[in-house]
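The model shown is predicted, which means the values in this text are computed figures rather than measured ones. Here is the naming used below: chain letters follow the sequence lines, and residue numbers restart at 1 for every chain.
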Amino acid sequence: MSDPMNTCPIQLTATGQLRHFLTTEGLPRDLLTEILDTADSFVDMSEQQVKKVPLLRGKTVVNLFFEASTRTLSTFELAAKRLSADVLNLNISTSSTKKGETLKDTLMTLRAMHSDMFVVRHSDSGAAHFIASQVTPDVAVINAGDGRHAHPTQAMLDMLTIRRHKGDFEPLKVAIVGDILHSRVARSQIHALRTLGAAEIRVIAPLTLLPRNIESLGVRVFTDMAQGLRDVDVVMMLRLQKERMDSALLPSESEFYKLYGLTTDKLAFAHPEAIVMHPGPINRGVEIESAVADGPRSVILDQVTNGIAVRMAVMSMAMSGQLADKNAKPDADNLNA
Amino acid sequence: MNILIQGGRVIDPAQQLDQVCDLYISGEQILAIGEQPEGFEVDETIDATGKVVCPGFIDLCAHVREPGYTQKGSIAKESAAAAAGGITTLITPPTTKPVVDTPAVAELIQDRAAEQGLARVLPMGALTRGLEGEQLAPMHALAGSGCIAFTNARLPMASTLVLLRALEYAATHDLLVIFQAQDASLGLHGCMHEGATSTRLGLNGIPEAAETIEVSRCLMLVEQTGVRAHFGQLSCERSVRLIEAAKERGLRVSADVSIQNLLLTDEQVNGFDADYHLMPPLRGQLDRAGLRQGLVTDTLQAICSDHQPHEAIAKQAPFAATEPGMSNLETLLPLCLQLVDEQLLALPQLIEKLTLGPARILGLDDGTLEIGTQADICIFDPQEQWTLEPEQMRSGGHNTPFAGRTFKGRVHTTLLGGQIVYRT
């Protein structure tokens, strides 16, 4: 039996190099640190006149989005272009795959076009794992969000933002606030924070927005903001989807805002130097007050900048892992035939 | 045709028989055990030395997929798989296309099975028309056409009132009702047990309460109507306790469990392996322990395969988008023998759960080797090791989480009504 905590051995090569990036869970601390260090160097580079490096020259990156997203798609596209890759954006609505072509058919077609990397977003948890299982060893897969399961590049850009502001993770108390139940971001953040050694991870939400046994992930559960935010160094807000009111999870946006919205008053419970984060897009007046989102403690725009650097880091690392793996097993195609 | 099964360890829980002896079969029936009857001329001798000879297994839940879903399985393939698994009677749910809500469909299934002659296939009839939960299906006519029991499978009833009336009508004709209990709203969109693993994987969970609430509701109405009732494929420890309490109150209820729920837990889903996408879902360790306990105390009188064959593509998608179930007829026996290896059950007890137990639940006279009964017999080697290769499976569905697994215990010969329908 494999290590139950390491749900994703598929994302590493035999020598422990990153070859797919599907989840932050089960990755060793060194590797997460390497992603952050590499991303740091790309942040510095993006401040220069020439923003391009040739790390992915001649490689084809396909942004395979089965779920609409403008922001994530653009940052991945920009990251790939800064690495000098050729980029193809495919928005495949789930309805068109239901017309007969299965996801598997789509993947086989794209693989036959000799793509080198898929950046995948899909509404089903586990979709990125499934896709990786189908295209290994020809294509590297980067998970840009699968259902409620994982959004590892978002989590790593959050980690980079925290590190650039706070330095070491070990003394930090971090609170994640809002719709934990539906959030792939929260799950990826929790795994990354644990691996990087954060002192305490808290989740704050009403019970309707907390998944069963969430404490098994190594978090402390709070349903009250005053208690949950006490002395925390980092406040990570989550986006609340409007549909949640329709499915009897919450009575109203205004009641949610009153109890869990991050206002100046509630932020006062946190450590005086606490930073405020949000994966965007922000619902002002639903989960966060404008004065907080735009205020001095907010690092929300840094997150966007760091997002491109982290995606460049992950793409270049996965591509070199995938090449190393492919070269190490030149007969892999024949063996699979 | 006269057959002598020689030198096997004959186990028949109905007669409390467990000894090495010979078995004599004449035509379709068991003629004698032990001494050779006078004038018996042996046409064929089966050497069962070192093997177990027991009644053919009766599987309380096996989808044969015909009519309507022959890309997944067929009566020909599933009955061949059953024969290879030592199973001589398959009870198949009404979730075919069209559903088993007319005598014509019920008869078609039995006719096709009879043509193949490899296993008895007894359909369960639909409790409501089209399994839509609104109007009663013609249960009396269906029973006349061979439906052994009635169920609405996992499909919801429109209201508790319809459920009550369906049970009253079944009770009128003393028909057996089988519940596959799952509350429709609590189970909605769920694809695995709700717990730590579903939370980590971000998969929609099916809470334990989805089963226990429905078991409770059904038990209340069983008590009120006095209908003969059976609960199929329980997955939760608390459901076992509910059944236990109902039996203590004197209700005529029985229950079974699938072997997969006795062996595996929800942690198997780690890594999103769609072969572990099952319905009912694999649950937690406490549930597994509770189910095992229920087996020992006889609250659960039968073990079934819950055979759900699928075509390959049905499992090739992200986890939640795959279809639930595993192909299990050919692995039922070796999986069950693990319970003996783990000393949960003695071998005769296990055989009872696969033969006499289900026969009694259904009100059948089968599941025994008593003289004069039809010669449905399984001969297996409890020690022989073999490796499961999916491409060798006879079932239309090769969807198994046990590909490449080495099992202990292998069926050697299967007889159906005195005919050899399988031998290695």
Region of Arg184(A) in contact with chain B, defined by heavy-atom distances below 4.5 Å | neither
Ile214(A), part contacting chain B, at a heavy-atom distance under 4.5 Å = both
Can you name the residues that form a side-chain hydrogen bond (donor to acceptor under 3.5 Å, both in side chains) with Arg239(A), not counting sequence neighbours?
-> Asn283(A)
What residues, two or more places apart in sequence or in another chain, satisfy side-chain hydrogen bond (donor to acceptor under 3.5 Å, both in side chains) together with Ser305(B)?
-> Asp59(B)
Look at the rings of Phe407(B) and Trp386(B) and say which category their plane angle falls in: under 30° parallel, 30 to 60° tilted, over 60° perpendicular.
-> tilted
Parallel, tilted or perpendicular, as decided by the 30° and 60° cut-offs, for the rings of His149(A) and Phe272(B) = perpendicular
Leading residue by heavy atom contact count with chain A [cutoff under 4.5 Å; candidates Ala320(B), Ala317(B), Ala196(B)] | Ala317(B)
